[in-house]
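Report on the structure given below.
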Amino acid sequence: MKWVNHESHVEIYPPKEFKFTECLVFLGRSQEEVLHRIKDHYLYKLLLIQEEMILVKILEAEGIIKVEFPIVAPNNSKRIQVVNYIEEWFDFHSDLEGFYQMANEDQLLKRMAEKYYGLRMVGIPDLFEALTWAIMGQQINLPFAYLLKKRFVESYGNSLTFEGETYWIYPTYKEIAKVRVEDLRNLQFTTRKAEYIIGIAKIMVSGEITKEKLKHLEYHELHNQLMKIRGVGAWTAAYVMMKCFHQHSSFPIADVGLHNALKLQLGLENKPRIHEIKVMATNWEGWQSYATFYLWRSLYD
DNA sequence: ATCCAGGAACTGT
DNA sequence: ACAGTTCATGGA
């Protein structure tokens, strides 16, 4: 991926089929989001790079992504990691030509592919965050899931305040490995969720699970390895594979949001059944995650 | 009150 | 393998 280093900022040349504003719509879907802030088409996020907190301000100007550093401009080795994070966050390494070709031939996806053209899978590069955020969202309504995340982040994450706004970094597994189930219970996590999350923190501290080890695995093997983790079922594994590992074939087919989007898009009386979704999705082969993501996006219109 | 939320583990067959 | 049950809380 091409990017240019300037004294005060960095420029990233995004791939084809990318619209920053479309991604901002998705990022702005919850008012309770604490891990980034959108203000006047600027996207702010606090990153932890080599033990240093770096606030980045991201904007698009003439098709180029500019990354500014409002507080302190980091050195070059840190800038490389900032760029890597942003490229992964917006799935810059994927070629979406195949997806749009497929979607153009698909009755259901055609309209959304045109409407949200340029939307890329907004990912969660950090594996601990991807896994535990998915677990927080299991079997509860989304607003409450965001509330849990907010409490979790504000209790155990690091923060920095700049010009009156506070920016947060997701808690590290190192920190959460020391937390007790009872502590998370006080934040209104269920006992199960507290156990799952702390359990994952511990196996990440031990090095048993790392993104490095998992990212080279092939689709099915990755799915199997994720499913071995307590608290991670088929839905969570699929969610993490699409949001953290950029697996385009990943398909959380049992997802309630997906069902609601399909019901709405197709004008159905009831939510579709799994076997019906399988039929609809036969053409999506290889791009199920993007199909799902665009359907999720359709819920925020 | 009753049902449903971006499910998963556990239990019994 | 598969279905039914339990977990727990907020919102409609």
Side-chain angles (χ1 to χ4, degrees), chain A residues 25-35 112 116 119 121-124 127 129-153 155 170 180-203 209 220 223-245 247 250-265 268-278 280-281 284 288-301:
Chain A
V25 172
F26 185 81
L27 284 166
R29 68 197 180 285
S30 172
Q31 298 303 310
E32 302 302 315
E33 180 59 67
V34 284
L35 297 177
M112 283 181 283
Y116 311 134
L119 172 65
M121 174 72 57
V122 178
I124 304 177
L127 178 59
E129 180 187 338
L131 281 166
T132 52
W133 164 235
I135 286 168
M136 287 178 209
Q138 291 171 0
Q139 187 58 18
I140 55 172
N141 58 74
L142 223 36
F144 184 50
Y146 278 105
L147 180 60
L148 289 179
K149 179 165 93 166
K150 186 177 160 82
R151 289 178 183 155
F152 183 71
V153 170
S155 297
Y170 200 76
R180 297 167 305 166
V181 169
E182 185 191 326
D183 300 325
L184 295 186
R185 285 286 298 135
N186 290 334
L187 305 183
Q188 281 180 292
F189 285 65
T190 64
T191 305
R192 291 277 170 77
K193 286 187 181 178
E195 289 172 357
Y196 298 162
I197 288 166
I198 294 166
I200 286 170
K202 286 180 174 167
I203 59 174
I209 293 288
H220 289 98
H223 198 264
N224 287 341
Q225 292 299 320
L226 290 171
M227 291 267 287
K228 283 183 185 167
I229 301 170
R230 184 161 184 264
V232 178
W235 177 85
T236 302
Y239 182 88
V240 170
M241 285 169 71
M242 61 187 271
K243 298 283 278 189
C244 187
F245 290 101
Q247 294 273 342
S250 179
F251 193 19
I253 194 166
D255 180 76
V256 176
L258 173 68
H259 300 175
N260 286 333
L262 287 170
K263 181 185 165 197
L264 205 68
Q265 289 296 318
L268 305 175
E269 292 236 350
N270 299 102
K271 288 186 290 187
R273 295 173 178 282
I274 298 293
H275 68 269
E276 295 171 323
I277 300 174
K278 280 183 181 167
M280 300 175 203
W284 304 354
Q288 292 92 331
S289 72
Y290 261 85
T292 301
F293 194 63
Y294 272 57
L295 280 157
W296 283 348
R297 167 66 182 82
S298 74
L299 292 169
Y300 298 106
D301 276 336

*asked:* Assess the residue pair A/T236 and A/L226 against the criterion (side-chain contact (heavy atoms from CB on, under 4.5 Å)); give the C-alpha distance rounded to whole Å, side-chain angles, the decisive distance to 0.1 Å, and a yes or no.
replied: CA-CA 8 Å; A/T236 302; A/L226 290 171; over 6 Å; no
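- A/I229 comes within 4.0 angstrom of the backbone, heavy atoms only, and of no base.
- Distance CZ (A/F189) to C1' (C/dA8): 13 Å, rounded to an integer number of Å.
- Residue A/E276 holds its CD atom at 10.0 Å from CG of A/L262, rounded to the nearest 0.5 Å.
- At whole-Å resolution of the value, CG in A/L226 and C1' in B/dA9 are 17 Å apart.
- Separating the CH2 atom of A/W133 from the C1' atom of B/dA5 is a distance of 12 Å, rounded to the nearest angstrom.
- Summarising the geometry, atom CG belonging to A/D255 is positioned 7.5 Å from atom OG1 belonging to A/T292; distances are rounded to the nearest 0.5 Å.
- Residues A/V232 and A/L142 both approach DNA chain B. Their nearest nucleotides, taken by heavy-atom distance, put A/L142 toward the 5′ side.
- A heavy atom closer than 4.0 Å to some atom of DNA chain B occurs in A/W296, A/Y300, these being the qualifying members of residues 291-301 of chain A.
- For A/F293 and A/F26, the distance between ring centers is under 6.0 angstrom.
- Atoms CH2 (A/W235) and P (B/dA5) sit 13 Å apart, rounded to a whole Å.
- Atom CG in A/N186 sits about 11 Å away from atom P in C/dT9, given to the nearest Å.
- Comparing A/T236 and A/N141 by the nucleotide of DNA chain B whose heavy atom lies nearest to each, the residue mapping closer to the 5' end is A/N141.
- OP1 or OP2 of B/dG7 has not a single side-chain nitrogen or oxygen of A/R230 nearer than 4.0 Å.
- The nearest whole Å value for the distance from the CZ atom in A/R151 to the C1' atom in C/dT9 is 10 Å.
- The side chain of A/R185 lies closest to C/dT9, out of B/dA5, C/dT9, B/dA8.
- Remark: the separation of the P atoms in C/dA8 and B/dT11 is 14 Å, to the nearest Å.
- Summarising the geometry, the separation between CE on A/M227 and P on C/dA1 is reported as 13 Å, rounded to the nearest angstrom.
- Scanning atom types as modelled, one donor and one acceptor separated by under 3.5 angstrom connect the side chain of A/Q139 and the base of B/dA5.
- Here A/R29 lies in heavy-atom contact (under 4.0 Å) with a base.
- Inter-residue side-chain proximity for A/Y290 and A/W284 is flagged as unmet; no heavy-atom pair is nearer than 4.5 Å.
- Atom NE2 of A/H275 and atom CD1 of A/I253 lie 11.0 Å apart (nearest 0.5 Å).
- Contact annotation for A/A234: backbone-only contact, meaning every heavy-atom pair under 4.0 Å involves sugar-phosphate atoms and none involves a base.
- Taking atom CG on A/L148 and atom P on B/dG7, their separation rounds to 14 Å, with Å as the unit.
- The residues A/R230 and A/E195 are annotated as salt-bridged, a charged nitrogen and a carboxylate oxygen being separated by less than 4.0 angstrom.
- Side-chain contact between A/T132 and A/Y170 is present, with heavy atoms from C-beta onward closer than 4.5 Å.
- Each of A/M241, A/Q247, A/M121 was compared with A/S289 under the side-chain contact (heavy atoms from CB on, under 4.5 Å) criterion, and only A/M121 meets it.
- Among the heavy atoms of the strands lying under 4.0 Å from A/K271 are primed sugar atoms or P, OP1, OP2 only; no base atom is included.
- Of the residues in residues 191-200 of chain A, those with a non-hydrogen atom less than 4.0 angstrom from any atom of DNA chain C are A/T191, A/R192.
- With contacts defined as side-chain heavy-atom distances shorter than 4.5 Å, the pair A/Y146/A/Q31 does not qualify.
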